[in-house]
Amino acid sequence: MRTRSDNLPQTQQHFDILVAPGYVLLELASLVEVLRLANRVCPTPPFTYAYRSLKGGPISSSSEAMVQTDPVPAQPKADYLFVIGNSDPDHPDLSLGRVVSSYTFRGAKVFLLAEAASRYINEHGTGDMATHWENASFLRERGARFEAKLSIATEQGAVVTCAGMEATTDVALAVIGRHISGPAKMTVADIMLHENIRDFSSMQPFSGAKLTATGDARLDQCIKLMQANIEDPMPIHQIVESLHLSNRSLERKFKTFFGTTPNGFYREMRLAKANNLLLNTTMSVREIGLACGFPNGFSSVYKSFFGVTPFVVRREKRAAIQR
């Protein structure tokens with residue numbers, strides 16, 4: 001496997017995605033698309049995934065989309081288990097205490113979405129765990145002894161309960177961010193047109209909370225300046241002057257949120273755009289380099305990050321199309 005210049009893990013992370021009849025297609029797609037796009041933009045694909053159900057076989061969503069599943073293994077080897085919500089919190093396939101224990105016992109992190117979260121909270125949890133606000137109301141109506149949290153997710157040890165629905169994208173982005181660089185995560189969000197990435201503590205939208213992409217307004221402004229100046233990159237000293245920050249302050253923000261420097265983030269952002277153009281346009285390699293702020297040495301910079309030259313990537317894509 002090709003190495004990276006940062007200290008991020010190099011091994012692939014495997015996700016088991018558990019669905020029950022009537023699962024919410026939006027939640028499934030939000031997770032899978034984040035994983036798929038991360039595999040596309042990273043130098044080597046960091047994630048694998050498999051669809052699971054309690055018994056295996058085809059499972060239909062609430063919108064009648066079908067997914068073929070394998071049974072939950074007796075001794076799971078996944079790094080993550082995501083349980084997708086459905087339209088019925090009383091569905092027997094959402095009573096998953098034993099399955100959750102089987103995964104956490106072997107070191108997996110378990111994410112329960114929406115109805116799966118409320119079912120787990122009702123059977124095993126406390127009021128310190130989150131679920132979708134509709135399911136929180138459902139728990140109150142059922143006479144629960146506690147109020148479920150209304151943040152988009154809460155993490156208690158190896159179990160994370162989540163609001164689900166569109167917040168699944170935020171949760172998935174947070175998870176992949178533990179294994180890939182900050183710029184790569186932001187690129188995935190940009191491709192999905194997901195402007196504001198919320199952290200787990202963000203309140204569900206009906207609370208009226210004001211959202212930012214990073215939780216830091218100045219950092220958001222900096223990233224927007226970088227995105228607006230890909231072809232002709234702004235020097236970092238000009239960026240800090242426009243934001244009325246010091247170089248040290250900006251470096252501290254990038255280190256805290258992304259684990260890299262402003263220059264490192266900016267370069268990877270431009271490389272991510274270059275990779276997208278390389279895979280999805282007929283622009284020449286030189287044109288792509290110019291469009292992404294690399295007037296000289298683009299091929300060597302690209303190879304140092306992705307492990308192959310842009311010419312090899314272009315040739316492999318043409319070969320795949322001709323098969």
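Below, each value reflects all heavy atoms present in this structure, side chains not excepted, and no hydrogens, waters or symmetry copies.
Between the side chain of His237 and the backbone N or O of Ile239, no donor-acceptor pair lies under 3.5 Å. At distances below 3.5 Å, not a single donor-acceptor pair connects side-chain atoms of Asn247 with backbone N or O atoms of Leu250. Without hydrogens or angle criteria, Ser249 side chain to Ser246 main chain gives no donor-acceptor distance under 3.5 Å.
Residue Met165 belongs to a hydrophobic cluster whose other members are Val24, Leu26, with links defined by side-chain heavy atoms closer than 4.5 Å.
A cation-pi arrangement, defined by a distance under 6.0 Å to the six-membered ring centre and an angle within 45 degrees of its axis, is present between Arg270 and Tyr266.
Applying the ring-ring contact (aromatic ring centres under 6.0 Å, His included) definition to pairs two or more places apart or across chains, those involving residues 269-294 are Phe294-Phe298. The salt bridge (charged side-chain N to carboxylate O under 4.0 Å, His left out) pairs that include a residue from residues 159-173 are Asp170-Arg198, where partners are two or more places apart or lie in different chains. Listed by first then second residue, pairs satisfying side chain to side chain donor-acceptor pair (under 3.5 Å) with a partner in residues 221-235 read Asp190-Gln227, not counting sequence neighbours.
Proximity of Thr169 to Val34: side-chain heavy atoms (C-beta onward) are separated by under 4.5 Å at one or more points.
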Donor-acceptor contacts under 3.5 Å from residues 66-73 side chains, at least two apart:
from: Thr69; atom 1: OG1; to: Ser53; atom 2: OG; distance (Å): 2.7
from: Thr69; atom 1: OG1; to: Gly57; atom 2: N; distance (Å): 3.2
from: Thr69; atom 1: OG1; to: Gly57; atom 2: O; distance (Å): 2.6

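Under the 4.0 Å criterion applied to side-chain N and carboxylate O atoms, Glu251 and Lys255 are not assigned as salt-bridge partners.
Partners of Arg252 according to the side chain to side chain donor-acceptor pair (under 3.5 Å) rule, which considers only residues two or more places apart in sequence or in another chain, do not exist here.
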